[in-house]
Amino acid sequence: MLNLALEAFKKSLQERGVMPAFDLHLMDRIPFVFNNDWELFRDWKRKLGALLEVDPRNITIVGSAATGFSLSPHKSFREFGDHSDIDVAIISEFHFSAAWRALRQTNLSKISKTKERQAIIEHRERHIYFGCIAADKVMSLLPFKIPWTEAMSAMSGEAPTEEREVKLRIYRDYDALRAYHLQGFETMKTAILVK
């Protein structure tokens, strides 16, 4: 069944174009991990929204948990599996601005962890341009780190995301979310057409 979903995605991308495929397979759907259960998805978003202090309508799932397969051609469109994480998009100008300010004010010379230092550099060079902050990679620097860390942990215990790592990305607005992911869809289209 999953192969059928992947083939339908590839066909949609080739025949209809990037934007319709993006909407159909990522944005306008119940995420794969929720197995077509709209109520479960809505309740899950309500719980997470309350923990993050974000309107649940501004929360969506992206990546393989949304589609059932990796959206990266570099991962060979690998199936969503037992060890797959849950990538959550949070659309919040308030949290984006607070996080951006915290990253801007961070003195790199005082960051001892190589991974954290690299994440800050990556944000400054790429993510911020697209209006995106990978909160899970820089959580220790964010002013809301305690409630958000607790939220990620809590949602790792909620069905159907139990025992999975929940990763949060903050987007300045819906346009930023679309721009960030459409870039990836363009890369996928090229990879699919080359094959």
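- Crowding of Arg57 atom CZ: a count of heavy atoms from other residues, nucleotides or ligands under 6.0 Å not exceeding 12.
- Arg178 contributes no side-chain N or O that, together with a main-chain N or O of Met19, makes up a donor-acceptor pair within less than 3.5 Å.
- Here the closest non-hydrogen pair linking Leu177 and Met27 is CD2-CE, 3.4 Å.
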Step by step, work out the side-chain contact (heavy atoms from CB on, under 4.5 Å) result for Leu142 and Trp148.
CA-CA 9 Å; Leu142 303 182; Trp148 279 45; 5.6 Å; no

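- At most 12 non-hydrogen atoms from other residues, nucleotides or ligands lie less than 6.0 angstrom from CD of Glu53.
- Follow the hydrophobic side-chain contacts under 4.5 Å out from Phe94 and you never reach Met139; the two are in separate clusters.
- A 4.5 Å side-chain heavy-atom check between His123 and Ile133 finds at least one atom pair inside the cut-off.
- A salt bridge links Arg46 to Asp43: one of the charged nitrogens lies within less than 4.0 Å of a carboxylate oxygen.
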Apply the test side-chain contact (heavy atoms from CB on, under 4.5 Å) to residues Trp44 and Val88: give CA-CA distance (whole Å), side-chain angles for both, the deciding distance (0.1 Å), then the verdict.
CA-CA 12 Å; Trp44 191 91; Val88 183; 3.7 Å; yes

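- With rounding to the nearest 0.5 Å, the separation of CD in Glu15 from NZ in Lys10 is 14.0 Å.
- Put simply, the side chain of Ser97 gets close to the backbone of Glu93: a donor and an acceptor are under 3.5 Å apart.
- Trp38 and Phe34 end up in the same hydrophobic cluster when Ile, Leu, Val, Met, Phe, Trp and Tyr side chains are linked at under 4.5 Å.
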One pair to check against side-chain contact (heavy atoms from CB on, under 4.5 Å): His181 and Leu26. What are the steps and the verdict?
CA-CA 9 Å; His181 288 282; Leu26 190 64; 4.1 Å; yes

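- In terms of heavy-atom proximity, Ser64 sits nearest to Phe80 at OG-CD1, 3.4 Å.
- Side-chain N or O atoms of Lys45 include one that pairs as donor or acceptor with a backbone N or O of Ile59 at under 3.5 Å.
- Contact record, Leu24 with Arg16: CD2-NH1, 3.5 Å, taken as the closest heavy-atom pair.
- Within the 4.5 Å cutoff, no side-chain heavy atoms of Thr106 are placed close to those of Val138.
- Put simply, the side chain of Ser156 gets close to the backbone of Arg164: a donor and an acceptor are under 3.5 Å apart.
- If you chain together hydrophobic residues whose side chains sit under 4.5 Å apart, Ile91 and Tyr129 fall into the same group.
- Scanning both residues, Ala8 and His25, for their nearest heavy atoms gives O-NE2, 3.9 Å.
- Counting non-hydrogen atoms of neighbouring residues, nucleotides and ligands closer than 6.0 angstrom, the CZ atom of Arg104 exceeds 12 such neighbours.
- The heavy-atom pair separating Lys167 from Asp85 by the smallest distance is NZ-OD2, 2.9 Å.
- Around the CD atom of Gln105, the shell of radius 6.0 Å holds more than 12 heavy atoms that belong to other residues, nucleotides or ligands.
- Within the 3.5 Å criterion, the main-chain N or O of Met155 finds a donor-acceptor partner in the side chain of Thr161.
- Residues Tyr174 and Tyr171 share a single hydrophobic cluster, defined by chaining ILVMFWY side chains whose heavy atoms lie under 4.5 Å apart.
- Side-chain contact between Leu168 and Val166: present, with at least one pair of heavy atoms (C-beta onward) separated by less than 4.5 Å.
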Please report the C-alpha distance between Asp37 and Phe41 in whole Å, then the side-chain angles of each, then the deciding distance to 0.1 Å, and finally whether the side-chain contact (heavy atoms from CB on, under 4.5 Å) criterion is met.
CA-CA 6 Å; Asp37 189 334; Phe41 182 42; over 6 Å; no

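- Ile86 CD1 to Glu158 CD: the interatomic distance, rounded to the nearest 0.5 Å, is 12.5 Å.
- Nearest approach of Ile61 to Ala66, heavy atoms of both residues: O-CB, 3.3 Å.
- Under the 4.5 Å side-chain heavy-atom criterion for ILVMFWY residues, no single connected hydrophobic cluster contains both Ile146 and Met152.
- Taking OG1 of Thr60 as the start and CZ of Arg29 as the end, the distance is 10.0 Å to the nearest 0.5 Å.
- Side-chain contact between Phe130 and Leu182 is absent, with no heavy-atom pair separated by less than 4.5 Å.
- Side-chain N or O atoms of Arg169 include none that pairs as donor or acceptor with a backbone N or O of Cys132 at under 3.5 Å.
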